[in-house]
Amino acid sequence: MTDAVDRSTPLDPLGSLASFAGRWVGGGDGHYPTIDDFSYEEEIEFTATPGKPFLGYRSRTWSPGRGRPMHTENGYLRRAAGEAVELLVSQPTGFVEVHRGEVRDGVLELTQLTLSASPDAKPVHEIRRRLVVDGDELRYDMWMSHAQTPMTHHLQARLQRG
C-alpha cells in the first residue's frame, strides 16, 4: 500500500503567508541619526516546504551595483496560534529577534516579542518591522532603537517578485 500525498496545493498550510512565498529582488534606502544615509540592493527569499506552516527566510544586501556585501539575516516566517504570524530572525551581528502580528490585506504589522543579543553585539534595544505584499511587489519598513537614540525609522525597501 502506498500513501497518497496531495501536492496540488503545497502552500495551503501557509494560509495568509502564501502571498509572501518566493524570491524578491530590489533595493532600499537607510538612514539613522548616527550614520550617513545609504542605498542598497537586496534579495529576499521566503521558501516554502510543502505541507509545512512556515516559510524559510533569508535576506542579503549589497552596496549598489552588487558591490560589497552589507548585511544578511536568516530565519522563519511562521503561522502561530489563531491568526497570529511570527517572524523569527537571526543576524550575524549577534541578535535574535522574535516578532508577532497578523496579515491583514497583505500587510504584516509586527510587534517585537523578544530581542536577545550576544555580549559583544551593538546596543540595539528594540526593532519594529512592517511588511506589505501587493501582487508582485514586497515593501517593508524597519524602525530601531539603538544606544541613546529612541525608536527611529531606519530602512525602507521595495522589491519585485523575481
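This chain uses plain numbering: 1 for the first residue, then up along the sequence. Only a predicted model underlies this, so the values are computations on that prediction, with no experimental measurement involved.
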Grab the two heavy atoms, one from Leu159 and one from Gly26, that are nearest each other, plus how far apart they are. CD2-N, 3.6 Å
Is it the case that over 12 heavy atoms from other parts of the model lie below 6.0 angstrom from the CG atom of Asp37? yes
Euclidean distance, Ser16 OG relative to Leu108 CG, rounded to 0.5 Å: 8.0 Å
For Glu41, is there any backbone N or O sitting under 3.5 Å from a side-chain donor or acceptor partner on Thr61? no
Could you tell me if the side chain of Val124 sits less than 4.5 Å from the side chain of Leu115, heavy atoms only? yes
When you look at Arg129 and Glu97, which way does the salt bridge (charged side-chain N to carboxylate O under 4.0 Å, His left out) test go after all the steps? CA-CA 11 Å; Arg129 297 176 183 250; Glu97 308 167 41; 2.9 Å; yes
Pairwise side-chain contact, Arg60 with Pro69, heavy-atom cut-off 4.5 Å (strictly under): no
What's the spacing between His154 NE2 and Thr149 OG1 if we round to 0.5 Å? 11.0 Å
For the pair Arg79 and Glu86, find out whether any cationic side-chain nitrogen is under 4.0 Å from an anionic carboxylate oxygen. no
Give the C-alpha distance, both sets of side-chain angles, the deciding distance and a yes or no for side-chain contact (heavy atoms from CB on, under 4.5 Å) between Trp143 and Asp141. CA-CA 7 Å; Trp143 295 260; Asp141 288 275; 3.4 Å; yes
Aromatic contact, His31 with His153 (centres under 6.0 Å): yes
So do Leu155 and Phe38 actually touch side chain to side chain, heavy atoms under 4.5 Å? yes
Taking side chain as C-beta onward, heavy atoms only, is Thr152 less than 4.5 Å from Pro33? yes
Between CZ of Arg100 and CG of Leu88, what distance do you get to the nearest 0.5 Å? 10.0 Å
Heavy-atom check, side chain of Tyr140 versus side chain of Val132, under 4.5 Å: no
Is the backbone N or O of His125 less than 3.5 Å from a side-chain atom of Ser145, with the two atoms forming a donor-acceptor pair by type? no
So how far is it from His146 NE2 to Ile127 CD1, rounded to the nearest 0.5 Å? 10.0 Å
Might you work through the side-chain contact (heavy atoms from CB on, under 4.5 Å) test for Thr114 and Val96, ending with a clear yes or no? CA-CA 8 Å; Thr114 302; Val96 177; over 6 Å; no
Between His71 and Gln91, does the side-chain contact (heavy atoms from CB on, under 4.5 Å) criterion hold? Intermediate values first, please. CA-CA 8 Å; His71 180 73; Gln91 298 187 32; 3.1 Å; yes
Apply side-chain contact (heavy atoms from CB on, under 4.5 Å) to the pair Val85 and Leu87, showing each step before the final yes or no. CA-CA 7 Å; Val85 170; Leu87 176 65; over 6 Å; no
Salt bridge (Lys or Arg N to Asp or Glu O under 4.0 Å) contacts touching residues 22-34 (sequence neighbours left out): Arg23-Glu43
Does a side chain donor of either Glu45 or Thr47 reach within less than 3.5 Å of an acceptor in the other side chain? no
For residues 147-162, which residue pairs pass the salt bridge (Lys or Arg N to Asp or Glu O under 4.0 Å) check, not counting sequence neighbours? Asp136-Arg161, Glu137-Arg158
Give a yes or no on whether Arg66 atom CZ has more than 12 heavy-atom contacts from other residues, nucleotides or ligands under 6.0 Å away. yes
Pairwise distance NE2(His99) to CG(Leu110) - rounded to 0.5 angstrom: 6.5 Å
Grab the two heavy atoms, one from Ala48 and one from Leu14, that are nearest each other, plus how far apart they are. CB-CD1, 4.2 Å
Identify the two heavy atoms, one from Gly94 and one from Ala121, that lie closest to each other, and give their separation to 0.1 Å. O-CB, 3.9 Å
When clusters are formed by joining ILVMFWY residues with side-chain heavy atoms under 4.5 Å apart, either directly or through shared neighbours, do Leu138 and Tyr40 land in the same one? yes
4.5 Å side-chain heavy-atom contact, Tyr32 and Met144: yes
Whether over 12 other heavy atoms sit under 6.0 Å from Gln156 CD: yes
Ring center gap for Tyr76 and Tyr57 short of 6.0 angstrom: no
Atom OG of Ser118 and atom CZ of Phe95: how far apart are they, to the nearest 0.5 Å? 7.5 Å
May I ask you to say whether Arg58 pairs ionically with Glu42, meaning some side-chain N is under 4.0 Å from a carboxylate O? no
Validation row: Phe54, Leu77 side chains within 4.5 angstrom (heavy atoms): no
